[in-house]
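Everything below concerns the one structure shown next.
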Amino acid sequence: MMMKTFVHRTPYVSEEELMDYNAFCQMLPGASSTQVLTLIGYKRGGIPLAILTLIIWILPACILMGGLSFFLEYINEGSSKGHVFKFMGPMTVGFLFYAATKAFNISINNTITRVIMIVSAFATYLLFKMPWVFPLLIVLGGVVTNLSSKRIPQNEEAPYKIKWWNIWLFAIIFITAGVLSETARKDNWHDRRQINLFENLYRSGSLVFGGGQVLIPMMYEQFVARPESQNLLQRNPNVIKISREDFFTGSAMVRAIPGPVFSVASFMGGVAMKGKSSSLQLIGCIIGAIAIFLPSALLVLFFFPIWHNIKKYAVVYRALEGINAVVVGIMIAAAFYMMKDIAITDWKDFFLAVIVLVMTWVLLTFSKLPSPIIVIICLLLGWVF
């Protein structure tokens, strides 16, 4: 779509530039499609147009997903909720299995990536409620594939020295958010929930390699699985928690609307602040949108000026090989973990849930049916059965 719109229809960038932007954004954590569009704006009009492009791109989806968090109030009051959204969980897992198989075909192509994928999958499944497991696996994956230089040798051309200070703002926000979040929790600040929400989502946006399909399980760990830990509840009884039903509804509906999957953070932010007041819930939606997209924007705008220098480092490409293998392992483990958490009341529901899961994967893999149509089909199935 970007090639058709920004190269062929209106030549804002060349085909080579767009492919170069895409390759660069795949190497960064965050929302890749959003980063590519931000770079097109940056190329045409510098920082101001890049920021305007980013806002225009994310605004419709964030408004729709944020609005859904308010609509859930009315769904909860009706008796139809348990029926219409009955198969949202299995459908979400079907999307995740599809993303995992697609990523597997691209990223797993030798022995070391297979080993990294398997180890990452087992580690993620067993330690899913531990928030440090994702960044630790990503770092280890990048280190392991740099132990050998045979697959991706260093170019003879000596790379220029990179000025890493360009990333200072991203790091300062990351560290400050973490410190303030922990301080707000310990000292029981009045606005601690908003601060914790920003830190949770900013951290997720900073560590997501693989786009929205990896963001969904990371959010599931943060807002659904982890808050069930008794040890955590003893230390932090006010931890942000989202019900499985609401989580699966949001993660399914984000695929039924146009725009980036990362806009689901606007929904999660609204649900996290639900029950306080309408104004606080709106603030939660805004915090969700800003916190999840801000790391993507900062990383792409600060790193792009030194992209041509980064390309000369073979170590970057070796690390990406391992990181992508870890991402596949995380998606596989998360799909199985989320599947076991889907509430099944009887054998009939279990049988139907399996059919929905498999049907979702088959339709995504072997047909050109758009994602919104698949979501609508699953909603209709829930209404019928």
Side-chain angles (χ1 to χ4, degrees), residues 19-32 35-36 96-97 99-128 130-162 164 167 170-171 174 203-215 217-218 221 295-296 299-300 302-304 306-336:
M19 295 305 294
D20 191 48
Y21 292 174
N22 184 61
F24 167 62
C25 293
Q26 295 299 326
M27 302 183 70
L28 296 176
S32 299
Q35 289 170 327
V36 171
L96 199 51
F97 271 121
T101 54
K102 189 175 180 181
F104 178 90
N105 295 330
I106 297 171
S107 303
I108 309 302
N109 44 40
N110 53 49
T111 302
I112 188 61
T113 52
R114 293 187 192 96
V115 171
I116 292 173
M117 179 196 70
I118 293 170
V119 172
S120 298
F122 275 103
T124 300
Y125 188 86
L126 296 174
L127 303 171
F128 197 79
M130 304 298 177
W132 47 263
V133 68
F134 294 112
L136 180 63
L137 288 172
I138 286 171
V139 171
L140 290 177
V143 170
V144 169
T145 44
N146 266 290
L147 297 178
S148 172
S149 60
K150 292 181 179 179
R151 291 186 312 281
I152 307 177
Q154 175 63 56
N155 194 304
E156 293 182 1
E157 182 181 1
Y160 296 108
K161 184 179 180 181
I162 294 176
W164 294 104
I167 204 66
F170 166 81
F174 190 95
R203 172 163 41 87
S204 295
S206 303
L207 299 174
V208 172
F209 285 88
Q213 303 299 345
V214 181
L215 177 67
M218 287 187 74
E221 177 273 330
S296 298
L299 287 169
V300 75
F302 281 128
F303 269 117
F304 187 71
I306 57 174
W307 167 229
H308 294 290
N309 290 345
I310 294 176
K311 286 195 293 187
K312 297 175 182 177
Y313 284 87
V315 64
V316 174
Y317 291 92
R318 294 185 205 129
L320 188 63
E321 184 183 35
I323 289 170
N324 285 336
V326 169
V327 164
V328 177
I330 289 174
M331 284 194 287
I332 293 172
F336 280 105

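Scope of the values below: all heavy atoms of this structure, side chains included, with no hydrogens, waters or symmetry mates.
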Met331/Phe104 under side-chain contact (heavy atoms from CB on, under 4.5 Å): CA gap, chis, key distance, verdict: CA-CA 10 Å; Met331 284 194 287; Phe104 178 90; over 6 Å; no
So which heavy atom on [X] is nearest to which on [Y], and how close?
X      : Y      : result
Leu299 : Pro29  : CD1-CG, 3.5 Å
Val328 : Ala100 : CG1-O, 4.1 Å
Val327 : Val214 : CG1-CG2, 3.4 Å
Val326 : Gly141 : CG2-CA, 3.8 Å
Gly30  : Ser296 : CA-OG, 3.2 Å

Tell me every residue that passes side chain to side chain contact (heavy atoms under 4.5 Å, CB included) with [X], counting only those two or more places apart in sequence or in another chain.
X      : value
Thr124 : Phe128, Phe134, Leu137, Ile330, Ala333
Leu136 : Trp132, Leu140
Val115 : Thr111, Val119

Pairwise distance [atom1]([X]) to [atom2]([Y]) - rounded to 0.5 angstrom:
X      : Y      : atom1 : atom2 : result
Ile138 : Ser120 : CD1   : OG    : 9.0 Å
Cys25  : Phe304 : SG    : CZ    : 8.0 Å
Thr101 : Ile108 : OG1   : CD1   : 12.0 Å
Asn146 : Arg318 : CG    : CZ    : 5.5 Å

Are Pro217 and Leu96 side-chain neighbours, meaning at least one heavy-atom pair lies under 4.5 Å? yes
Please list, chain by chain and in numerical order, all residues satisfying side-chain hydrogen bond (donor to acceptor under 3.5 Å, both in side chains) with Thr113, sequence neighbours excluded.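 Thr113: side-chain hydrogen bond (donor to acceptor under 3.5 Å, both in side chains) contacts with Asn110.
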I'd like to check the ring pair (Phe, Tyr, Trp, His ring centres under 6.0 Å) partners of Phe174; sequence neighbours left out, ordered by chain and number. none
Excluding sequence neighbours, so at least two apart, what forms ring pair (Phe, Tyr, Trp, His ring centres under 6.0 Å) with Phe97?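 In terms of ring pair (Phe, Tyr, Trp, His ring centres under 6.0 Å), with neighbours along the sequence ignored, Phe97 is linked to Phe336.
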Of Asn324, Ile116, Val315, the one forming a side-chain contact (heavy atoms from CB on, under 4.5 Å) with Thr145 is Ile116
